[in-house]
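Throughout, a chain's letter reflects where its sequence line sits, starting with A, and its residues are numbered from 1.
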Number of protein chains: 2
Amino acid sequence: MNPVPPNPSQNPAAAATGAAVGPTTAAAGPSSSPTFSPLYQQIKALITQSLQSGEWKPGELIPSEVELANRFKVSQGTVRKAIDELAAENLVMRRQGKGTFVSTHHEARAHFRFLRLMPDEGVPHYPESRFIEVKRMRAPADVARLLDLKSGDAVIFIKRVQYFDGVPTIVEELWLPGLTFKGLTAERLVEYKGPMYGLFESEFGTRMIRAAEKIRAVCADAGAAALLQLAEGTPLLCSERVSFTYGDKPVELRRGLYSTERHHYQNDLN
Amino acid sequence: MNPVPPNPSQNPAAAATGAAVGPTTAAAGPSSSPTFSPLYQQIKALITQSLQSGEWKPGELIPSEVELANRFKVSQGTVRKAIDELAAENLVMRRQGKGTFVSTHHEARAHFRFLRLMPDEGVPHYPESRFIEVKRMRAPADVARLLDLKSGDAVIFIKRVQYFDGVPTIVEELWLPGLTFKGLTAERLVEYKGPMYGLFESEFGTRMIRAAEKIRAVCADAGAAALLQLAEGTPLLCSERVSFTYGDKPVELRRGLYSTERHHYQNDLN
DNA sequence: AAGTGGTCTAGACCACTTT
DNA sequence: AAGTGGTCTAGACCACTTC
């Protein structure tokens, strides 16, 4: 145990590193390796692995800092710094006195992280969905490219309209890798209430952690106008969004048309 | 337990707090105050004050962590945590081996933090401006409300077009509080090269640190269409942005119309 | 009372930059 | 060699939650 270390000045990092973490060491000896990686980054990677593998599932409590420090044979401070970064990236949530929880999309807090359309007046409600089409198909070239698939690979295609307080506001099309979301059916989508990302997380073990969005302005064509109950030619926001799961793997392409008659896209630049 | 330390465990934080930081103490005695504020937050506030007051100007080096720790009579670790947060908020930039610098808008890195319009192809260039109108006026009610002024207060109005690689892409109107930007003239704007925020920072001591943006889709009216050399009715992104300086004080209202023929608004959701 | 995350300290050493 | 930020440790204590 060595509770009262008589040893004055060995390098504790080196000892700990050699004991539990890989040889990609932080301070092993006189010559440091060219691919230097801080200990806490290695710990962060290990924790991320456990999150990705499902060892700790969304909503669950992860082991305490002290426990993780013992497991990895590092100090609590090092674990803390690793978890700090994971919390900053919204992979986990810390709660003083209770512990650290795996983030989940089954939470009001998470609902508006990816949906930035806000009502001009009143408090935001989560929209209701009406599914128009759900089918399996082969990935067109552009979809394949964005999802890191081969052209012609199986994908699931979804088209739906979203209603805010009964008003049709968003029409969007989604493409999902068929392999990752094998077994996703229209019935399952319709019966599931709440954000699709919650379903993906619970039923398919795939958690969206990041997204890249590109926005343009377009005019509503006949189809979109009909679905959104607007005049043809009405200006709409056109969003193309690619969402990523662990390892920066793209697992969703979403193309949406947003009516901004009563809503606006909100963005805070920090 | 207390195995080793002969030190009669006084609370060092309390001592330090009483010595240099305000009475809003972290751990002064048996009963903690209801308005608890960690030491590092107090240090952060003090550093922010020095930034705001101009004691350290944009681009300059601030005192080292050791020096600040001595000044405030706290440990280096506490200063470090304060600066960590300031760096996360883009108020300062750390550079290993050199020191910590006050952030500035006179930097390529900062140019695209508030301007999210990216070319569909090719690398982003900073646009050139053509000023159409610069005048002093009285704030309309809506402008006054957003800038936290009284209706009728003096404001500076600016209208300009921005060109990317010679193509007119943005037409925008700005309103600035007359008091803060007293002496801002069309001549000064025209002769100044580079982002306006650099001018505001250098000449008026006002640094934008945050902005809130709302985006809609609209159709180009005759005026916008002419300036952007587009057909009337072309869909445009319509942005309303309020920028804030220290103390969450709003100091700029900007309403822009963005052509998305060859550009798109880019947003990363983390 | 016990366990968790949150704060604070003190000291050591590393990586990077400049002198 | 000296100075800066960056990492790591060990230990103390605080605030919060639960038992």
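The CG atom of B:N70 sits 13 Å away from the C1' atom of C:dA10 (whole-angstrom rounding). Across the protein-nucleic acid pair, B:D84 atom CG and D:dC8 atom P stand 14 Å apart, rounded to whole Å. Between the CD atom of B:Q76 and the C1' atom of C:dA12 there is a distance of 12 Å, rounded to whole Å. Atom CD in B:Q42 sits roughly 16 Å away from atom P in D:dC14 (whole-Å rounding). Distance B:L61 CG to C:dT18 C1': 12 Å, rounded to the nearest Å. Here the C1' atom of nucleotide C:dT4 and the CD1 atom of A:I83 are 11 Å apart, to the nearest Å. Atom CG of B:L39 is separated from atom P of C:dA10 by 12 Å (rounded to the nearest Å). We find that CZ of A:F72 is positioned 16 Å from C1' of D:dC8, with the value rounded to whole Å.
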Item to check | Trace of the side-chain contact (heavy atoms from CB on, under 4.5 Å) decision for A:R116 with B:L269 | outcome: CA-CA 10 Å; A:R116 305 290 266 266; B:L269 312 171; 2.8 Å; yes
Item to check | Working for side-chain contact (heavy atoms from CB on, under 4.5 Å), residues B:I43 and B:E85 | outcome: CA-CA 11 Å; B:I43 303 299; B:E85 291 205 353; over 6 Å; no
Checklist entry - Run the salt bridge (charged side-chain N to carboxylate O under 4.0 Å, His left out) check on A:E172 and A:R241 step by step: do they pass? => result CA-CA 11 Å; A:E172 62 185 3; A:R241 186 169 92 196; 6.0 Å; no
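For A:E65, the side-chain atoms get nearest to C:dG6 when compared with the rest of C:dT17, D:dA10, C:dG6. Side-chain proximity of A:R80 to D:dG6, C:dT7, D:dT9: nearest is C:dT7. Side-chain proximity of B:Q96 to the nucleotides C:dG6, C:dT9, C:dA15 is greatest for C:dA15. Nearest nucleotide to the side chain of A:K81, out of D:dT7, D:dT9, C:dT9: D:dT7. The A:K98 side chain lies nearest to D:dT17 when the options are D:dT17, D:dT9, C:dG5.
Looking at residues 103-110 of chain A, you'll see that no heavy atom sits under 4.0 Å from any atom of DNA chain D.
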Checklist entry - Using Watson-Crick and G-U wobble pairs with both distances under 3.5 Å, what is the 5'-to-3' dot-bracket string of DNA chain C, with [ ] for crossing pairs and | for pairs outside the strand? => result ||||||||||||||||||.
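Comparing A:G97 and A:R94, the nucleotide of DNA chain C nearest to each residue sits closer to the 5' end for A:G97. In this structure, B:S64 and A:S75 both approach DNA chain D, and ranking their closest nucleotides by distance from the 5' end singles out B:S64.
Within the 3.5 Å criterion, the main-chain N or O of B:N90 finds a donor-acceptor partner in the side chain of B:S103. Of the possible donor and acceptor atoms, none in the side chain of B:E213 sits under 3.5 Å from a partner among the backbone N and O of B:S239.
Residues A:K98 and A:M93 have side chains not in contact (no heavy-atom distance under 4.5 Å, counting atoms from C-beta outward).
Under the 30°/60° scheme for interplanar angles, the aromatic rings of B:Y126 and B:F112 are found to stand perpendicular. By the 30° and 60° cut-offs, the orientation of the rings of B:F164 relative to B:H263 is tilted.
Remark: of the listed residues A:R207, A:R113, A:E252, A:H105, A:E252 is the sole one forming a side-chain hydrogen bond (donor to acceptor under 3.5 Å, both in side chains) with A:Y197.
Using a 4.0 Å cut-off, some side-chain N or O of B:T100 falls inside it from OP1 or OP2 of D:dG5.
Few gaps surround CD on B:E191; more than 12 heavy atoms of other groups in view lie less than 6.0 Å from it.
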